Number of protein chains: 2
Amino acid sequence: MMPPKNKIEVPDIVVSRLPLYLRALNFLAEEGVETISSAELAQRLGISSAQIRKDLSFFGEFGKQGTGYNVEFLRKKIKEILNLTRIWDVALVGAGDLGHALVHYGGFLGQGFRISLVFDNNPQKIGQEIAGLIIQPASRMKELIRQHGIQIAIIAVPASAAQKVTDELVAAGVRAILNYAPITLKVPPDVHVQYIDPVTRLQHMTYYLK
Amino acid sequence: MMPPKNKIEVPDIVVSRLPLYLRALNFLAEEGVETISSAELAQRLGISSAQIRKDLSFFGEFGKQGTGYNVEFLRKKIKEILNLTRIWDVALVGAGDLGHALVHYGGFLGQGFRISLVFDNNPQKIGQEIAGLIIQPASRMKELIRQHGIQIAIIAVPASAAQKVTDELVAAGVRAILNYAPITLKVPPDVHVQYIDPVTRLQHMTYYLK
DNA sequence: TAGATTGTTAATCGATTAACAATC
DNA sequence: TAGATTGTTAATCGATTAACAATC
């Protein structure tokens, strides 16, 4: 038994793997698996068992020697660590094809996220409904995001508009941004950004093709 | 002047940054900027100038002391390194909301990629047209991908179908997969996979939120 | 020439892994 | 108890950065 490691700074790369562990555990739970060893979990994820044990050890002792990890228990613990014991409301900016696909995507709700505001600046789209949400004018972003106390936003606008949208989101109090626009955003140090760009991912792989 | 570094294995993490450099250079070229220093480029990307110079030095000497890099020249060189001097045909599997958004996305063509085949297994969708492409039955994947000599595929099907689709793509000769399904795929060592999962990215960020 | 910036080296920093005592 | 597997340490491996000679 060790004293709690409250003061140790967890490397971001370790945090980034927790959602993958959680995803695998959700799958195992659905399969009805009750216990799993770090070796089995590692094989499913294509990583080393030592890495899983080391990663988890930043947060506590969740396993049992000789047995492994209880799937439900570890799931619960990782959810707590990632602050996924609540549902996070998310603002979506951009109601184009991608925005529509995101609003209709069924994978968010079960995993802790609900898109609850949608914005666009196209007068043709404003006022229209998608999946039960009225598209709001971009001019009301600050007001509505503040009102809903929203901390997370998804940017699905063209690259040319993304920095302006970002500045407005940050001004509205958003602290985490998932950015689909192919551009590096400037944000204050306390705002987190994750990037999703299929083109750069494809270009990464063509290096290895002939 | 150094001898060419043909035999040095370039770390994958270095390769993964080249598309970001290219993206920034494309932007600079459009702005009409002719020359840029590693320090300026670094600032735009939020990384260190030493990292940019080190990364590029794996592939050659592209800059000029006292001046920096010629934007057009470096752009051309990175395109050559990433095998982006041609257009890559891409097969898309899954014609749901995400599949539609990807087919309609205008960002692929200018960057070296063209979705030229679309598959689905839903009889309602097969035969329908999206953006000039007829949706083909999943049963014809192997045949058509072989016929077109396609090496790159995008998976936009539910997680439950993704591994089966992957196995079929690999059997058809695909060597690079961009996977939107939230599941770790099993592939042979010579097949490259990149993952895009907005949920895990959001869950990564909630760790830092309160 | 003087100033600026590259390409490269070596030091530093950080992440992964092998190994094993502890223990279920 | 014997076997299995964790949690942790220390070694290894790899990536980043500081610094500067070379040189445009």
Side-chain angles (χ1 to χ4, degrees), chain A residues 1-18 20-21 24-25 28 33-75 77-78 81 204, chain B residues 1-18 20-21 24-25 28 33-75 77-78 81 204:
Chain A
M1 198 70 76
M2 289 276 105
K5 299 183 171 179
N6 295 327
K7 296 298 170 52
I8 293 180
E9 176 85 32
V10 179
D12 185 63
I13 196 158
V14 170
V15 177
S16 77
R17 282 189 292 260
L18 296 182
L20 302 177
Y21 301 165
L25 291 165
L28 289 164
V33 176
E34 285 180 9
T35 297
I36 192 158
S37 67
S38 59
E40 285 178 273
L41 191 56
Q43 204 190 8
R44 287 191 176 241
L45 293 166
I47 60 176
S48 77
S49 63
Q51 182 160 80
I52 292 177
R53 294 197 302 277
K54 186 90 168 57
D55 284 355
L56 295 176
S57 76
F58 279 99
F59 304 99
E61 302 184 352
F62 305 132
K64 209 181 266 186
Q65 283 98 328
T67 310
Y69 300 88
N70 178 283
V71 171
E72 277 305 337
F73 179 74
L74 185 55
R75 236 183 129 197
K77 285 298 174 186
I78 294 181
I81 294 163
H204 178 177
Chain B
M1 197 71 74
M2 290 275 106
K5 299 184 174 178
N6 295 326
K7 296 298 170 52
I8 294 181
E9 176 85 32
V10 180
D12 185 63
I13 196 159
V14 171
V15 177
S16 76
R17 282 189 293 259
L18 295 183
L20 302 178
Y21 301 164
L25 291 165
L28 289 163
V33 176
E34 285 180 7
T35 296
I36 191 157
S37 68
S38 59
E40 284 177 275
L41 191 55
Q43 203 189 9
R44 286 190 179 243
L45 292 166
I47 61 177
S48 78
S49 64
Q51 183 161 79
I52 291 176
R53 295 197 302 278
K54 185 89 167 55
D55 284 354
L56 296 176
S57 76
F58 280 99
F59 304 98
E61 302 184 351
F62 305 131
K64 210 180 266 187
Q65 283 97 330
T67 309
Y69 300 88
N70 177 284
V71 171
E72 277 304 339
F73 178 75
L74 186 55
R75 236 183 128 198
K77 285 298 174 186
I78 294 181
I81 294 164
H204 178 177

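Letters A, B, ... mirror the listed sequences (proteins, then strands); counts begin at 1. Because the structure is predicted, anything quoted here is derived from the model rather than measured.
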Whole-Å distance between [N] [atom2] and [X] [atom1]?
{"X": "A:Asp55", "N": "C:dG14", "atom1": "CG", "atom2": "P", "value": "17 Å"}
{"X": "A:Leu56", "N": "C:dT17", "atom1": "CG", "atom2": "P", "value": "15 Å"}
{"X": "A:Ile13", "N": "D:dG14", "atom1": "CD1", "atom2": "P", "value": "14 Å"}
{"X": "A:Lys54", "N": "C:dA15", "atom1": "NZ", "atom2": "C1'", "value": "9 Å"}
{"X": "B:Glu9", "N": "D:dA15", "atom1": "CD", "atom2": "P", "value": "11 Å"}
{"X": "A:Phe58", "N": "D:dG7", "atom1": "CZ", "atom2": "C1'", "value": "12 Å"}
{"X": "A:Gln51", "N": "D:dT8", "atom1": "CD", "atom2": "P", "value": "17 Å"}

- Out of C:dG7, C:dT16, D:dT16, which has the shortest distance to the side chain of A:Arg17? C:dT16
Distances under 3.5 Å only, N/O to N/O: pair up the protein atoms with those of nucleotides 4-6 of chain C.
unit_1 : atom_1 : unit_2  : atom_2 : d
C:dT5  : O4'    : B:Gly66 : N      : 2.9
C:dT5  : O2     : B:Gly66 : N      : 3.4
C:dT6  : OP1    : B:Ser38 : N      : 2.6
C:dT6  : OP2    : B:Ser38 : OG     : 2.6

- Message: Using the rule given for side chain to side chain donor-acceptor pair (under 3.5 Å), can you reason through B:Arg53 versus B:Ser57, listing the C-alpha separation, both sets of side-chain angles and the distance that settles it, and then say yes or no?
- Response: CA-CA 6 Å; B:Arg53 295 197 302 278; B:Ser57 76; over 6 Å; no
- Side chain proximity check, B:Leu41 to B:Leu28, heavy atoms < 4.5 angstrom: yes
- Message: Is any side-chain heavy atom of B:Tyr69 closer than 4.5 Å to one of B:Ser38?
- Response: yes
- Note on the structure: pair_partner(C:dT9), Watson-Crick or wobble, both distances < 3.5 Å, evaluates to D:dA18
- Tightest non-hydrogen contact, residues A:Thr67 and A:Thr35, listed as O-CG2, 3.4 Å
- C:dT16 phosphate, OP1 or OP2: any side-chain N/O from A:Ser48 under 4.0 angstrom? no
